[in-house]
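Quick notes on the structure that follows.
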Amino acid sequence: KCVGSSAYFDVSSSAGRSFQLAWEAMLSGLRSFVGLGGSAPAAADTPTGAWQMQAPTGSPLPSPKRTSEHSTLRSRCSERNISGDAQTHPVKLVVFDLDETLTLVSYMVEENDTPEVVRELVKVNFETPWVDGSRIAKLQDMFEDIKVGKDGERRLLAILSRNSNGAEAVLRLLQAADLASAFCVIWTMPYRQAVPNGAFQSAGGTWTCFRPPLARVHDHKADVLHAIACNPATWFPQAAADKTFSNLSLSVENIVLVDDQRANFQSPYSGRQVCRYCKVARYDATYRSFGMVKNMGGIGARSAADYETLVMFVDNPYSCKETLELRCVQRNVRASSRKHPVKLVVFDFDETLTLATFFPEDDVFGERLDWDPAVLEEGSWSRDDLLRYNFESPYVPGSRLQKLQSLLAALAKDASGQSRPLAVLTRNESGAVSVLNLLRMANLDRYFSAIWTLPYSLTRPTGVFQVRGEWRAFEAPVCEVADHKANVLRHIVEHPLKWFPQLAMEDLIQSYSGLLSMTPESVVLVDDERASFQNNSENPAELMRFCKVARYDEIYRNCGPLNQMGGIGAHSDTDYEHLMAFVQSPWRYSQDVDAVVDIEDFAVVPTNLQRESLEEEGTKVLRVRRPKSLSNPELYSSPRGSSLKRVSSSPCASPLWQCADPGQISQGLAEFDLVGLEGTSAPHDRL
């Protein structure tokens, strides 16, 4: 009470504000320590219908103190979509994001902050508690190394940040950390008329605000970088007096973007891509006095190798071709359990089994277990359409469906030839029956024993299970556990009878007996969402073994550019080999963990401190096909009807489109008409 009341303590003073934030941080830590958690959803009325659903019951979940252990997280550099002479184009411009790329977390410096507060903010923003030495000093050394190429040619460094405070606020923070001198220009997004979106450094070291032409470009970093390459003089005001800038000739292949958000490497508006990029690792961590902080980042924050990796990539970008392959990890496994066999493999559905999910517009598709594809109306999705758009990959030769069938058949048997159950756990509001009907059309359902969907639904079953080729609906106990895949899988390990009704059948129990002796190490989750592998909320849980399916943005068939696509084997046949090898011997994929990081002393920071960025990724572009293209008869007509209109006879614009006249940028961007008012792949926990 004395902290929150100005009658007892002056919270308007710098010391008072700092103490108040420290007190609140301590209370937050105590709440996490004692495990104050939420309760399960309240009981609901049992609806009538084809499936009788039990009313959800509350289930208090334990929230023990957990130790924050994180595997080494490193930046990843890639070159993509470059061919011919463009492969030898040198890097001339390196563009850095600010939030969670240069900073670990972003808290802005205000003009009236005291020197003590500024010093503490610099520490919170830039210095890492996980790697020895000064991170600011390492960043300064890295910038100097990047500025000079192997042939002695000078490179330019710039900032392009989606920071709503504007260029002046970004500059103030960089100056406080003694990093601003490394950059020649700062651009901030989105365009704001009242706040300068640009600042440039003249030859004498003086910074001046200006207004870059952001209003003429789509509000996406990939589009902005293409515009910069088309007309550098409008983005570098120094060109009026400095030959270094006035003679600058750029192509998009000359630019490297360093960013923590994968979504910034391809525009959903135009399909334009960043050809060379460095993806900074994201992670959740217990950070200083702030407790658990999600979606942190920072070059070199968790691995000192980041600095050298980026310098080497800028010197030789063609040596780091982009690969989109599945990654398998065993982590945090006790020594006594390192070689425990895998007894259950669980797959996500959307963007894991599918590349992107498309459901037919049929009212009973998600309701009837005996749904027949023959009911699809002419002019809508055909069976072949659904299989091709959901499962078949245009990026690798051969039938992906056949490869998936072979993989699942192999995974369904362990090394001794005994049955190993496979299941689907997906966050799809269309329900378990919709997922089953799509898998059944693809002839994949026969490999799975159960399908569960999140979140709980009053209108559709959240579970189906297979008994000798026959599928039956049941109500999976999703209401008894926190709404997160890590918690659900832990509950399945502890209560397999509730999730596998086959265990109650005497003639089937032998095939599923291994599920009765599971430990957390017995389960592998295959998913495209990083957030699915660990829950850092008031009900913490983490998975010991998992496979992360690669995510990517692509121009997909005649859907235009789609973001956050996925799919096992969508870009590489090695995915099937890696997944099979991992399930057979997961201990060969063990990942070292860092030492435990203790919470440090309370930081001296203002009480009105607000973090700049929280979300890692934007919303998925909804999965909708385009109308038939007159210029490409192979593209099927849209199932959405005549309401969709094309703005171009071309099925797509080139992602590497180059403009001859910078004044035509806005006209060129109109080439894409991304139709997406309805779809089936809803946004949820994003990677």
Side-chain angles (χ1 to χ4, degrees), residues 40-41 43-44 46-59 342-349 353 366-371 408 411-414 418-428 430-440 444-483 485 487-520 522-526:
T46 303
T48 58
W51 300 278
Q52 294 298 321
M53 304 180 185
Q54 297 179 354
T57 57
S59 176
V342 174
K343 298 182 178 181
L344 173 64
V345 183
V346 180
F347 292 82
D348 176 45
F349 181 70
L353 292 176
E367 299 174 1
R368 298 187 63 88
L369 292 170
D370 58 351
W371 181 83
L408 296 174
L411 290 175
K413 298 288 185 181
D414 62 18
Q418 299 298 312
S419 296
R420 178 193 289 122
L422 310 181
V424 172
L425 173 61
T426 186
R427 185 173 296 279
N428 193 305
S430 297
V433 177
S434 292
V435 175
L436 169 62
N437 282 328
L438 198 53
L439 289 173
R440 179 181 283 156
L444 296 177
D445 66 301
R446 55 180 172 163
Y447 301 106
F448 296 100
S449 299
I451 299 170
W452 313 296
T453 55
L454 301 173
Y456 172 77
S457 173
L458 287 171
T459 59
R460 295 185 175 184
T462 54
V464 291
F465 68 100
Q466 183 177 189
V467 178
R468 291 181 293 274
E470 176 190 355
W471 284 92
R472 305 175 186 178
F474 78 110
E475 202 53 42
V478 296
C479 291
E480 297 183 17
V481 64
D483 186 29
K485 289 185 182 180
N487 298 84
V488 170
L489 291 176
R490 184 61 59 90
H491 195 266
I492 292 171
V493 168
E494 297 171 352
H495 308 282
L497 279 165
K498 294 184 177 182
W499 297 87
F500 289 93
Q502 299 96 325
L503 287 169
M505 304 177 183
E506 292 185 4
D507 57 335
L508 293 177
I509 192 170
Q510 183 62 33
S511 299
Y512 294 88
S513 59
L515 300 176
L516 298 174
S517 58
M518 286 192 296
T519 65
S522 303
V523 180
V524 167
L525 175 63
V526 186

Exercise. Listed by chain and number, what are the side-chain contact (heavy atoms from CB on, under 4.5 Å) partners of D507, not counting sequence neighbours?
Worked result: R468, M505
For this session: Looking only at non-hydrogen atoms, find the nearest pair between D348 and R427 and report the distance.
Result: OD1-N, 4.4 Å
Exercise. Of the non-hydrogen atoms in L344 and A423, which two are nearest, and what is the gap between them?
Worked result: CD1-CB, 4.4 Å
Seminar exercise, completed: Interatomic distance, OG@S522 vs CG@L489, rounded to 0.5 Å, equals 12.0 Å
Exercise. Is a donor on one side and an acceptor on the other found under 3.5 Å between the side chain of N437 and the backbone of R368?
Worked result: yes
Exercise. Between the side chain of K343 and the main-chain N/O of S517, is any donor-acceptor distance below 3.5 Å?
Worked result: yes
Exercise. Between R420 and K413, is there a donor-acceptor pair closer than 3.5 Å when you use the side chain of the first and the backbone of the second?
Worked result: yes
For this session: Could you tell me whether a side-chain N or O of Q502 sits under 3.5 Å from a main-chain N or O of S449, the two making a donor and an acceptor?
Result: yes
For this session: Would you indicate whether the side-chain heavy atoms of V488 and V478 approach each other to under 4.5 Å?
Result: no
Exercise. Pick one: which of F448, F474, F465, W452 meets ring pair (Phe, Tyr, Trp, His ring centres under 6.0 Å) with F500?
Worked result: W452
For this session: Using the side-chain contact (heavy atoms from CB on, under 4.5 Å) rule, take F347 and L411 through it: C-alpha gap first, then chi angles, then the decisive distance, then the call.
Result: CA-CA 12 Å; F347 292 82; L411 290 175; 3.7 Å; yes
Exercise. Roughly how far, to the nearest 0.5 Å, is the CZ atom of R446 from the CZ atom of R440?
Worked result: 13.5 Å
Exercise. Can L444 and L353 be said to form a side-chain contact (heavy atoms from CB on, under 4.5 Å), step by step?
Worked result: CA-CA 10 Å; L444 296 177; L353 292 176; 5.6 Å; no
Exercise. Got a donor-acceptor contact below 3.5 angstrom from the R460 side chain to the S430 backbone?
Worked result: yes
For this session: Sequence neighbours left out, what passes side-chain contact (heavy atoms from CB on, under 4.5 Å) with P496? Give chain and number order.
Result: L503, L515, L516, M518
For this session: Taking the side chain as every heavy atom from C-beta outward, state whether I492 and V346 have any pair of such atoms under 4.5 Å apart.
Result: no
Problem set entry | Minimum heavy-atom distance between E475 and S457, given as atom pair plus value | OE2-O, 4.4 Å
For this session: Identify the two heavy atoms, one from G463 and one from A432, that lie closest to each other, and give their separation to 0.1 Å.
Result: N-CB, 3.8 Å
Exercise. Looking at residues at least two apart in the chain, or sitting in another chain, which of them share a ring pair (Phe, Tyr, Trp, His ring centres under 6.0 Å) with W471?
Worked result: none
Exercise. Heavy atoms, side chains only, cut-off 4.5 Å: are L438 and F349 in contact?
Worked result: yes
Exercise. Roughly how far apart are H495 NE2 and E480 CD, rounded to 0.5 Å?
Worked result: 7.5 Å
For this session: Test W371 against L436 for side-chain contact (heavy atoms from CB on, under 4.5 Å), laying out the working first.
Result: CA-CA 10 Å; W371 181 83; L436 169 62; over 6 Å; no
For this session: Would you give the length of the straight line joining atom CD1 of I509 to atom CG of L497, rounded to the nearest 0.5 angstrom?
Result: 7.5 Å
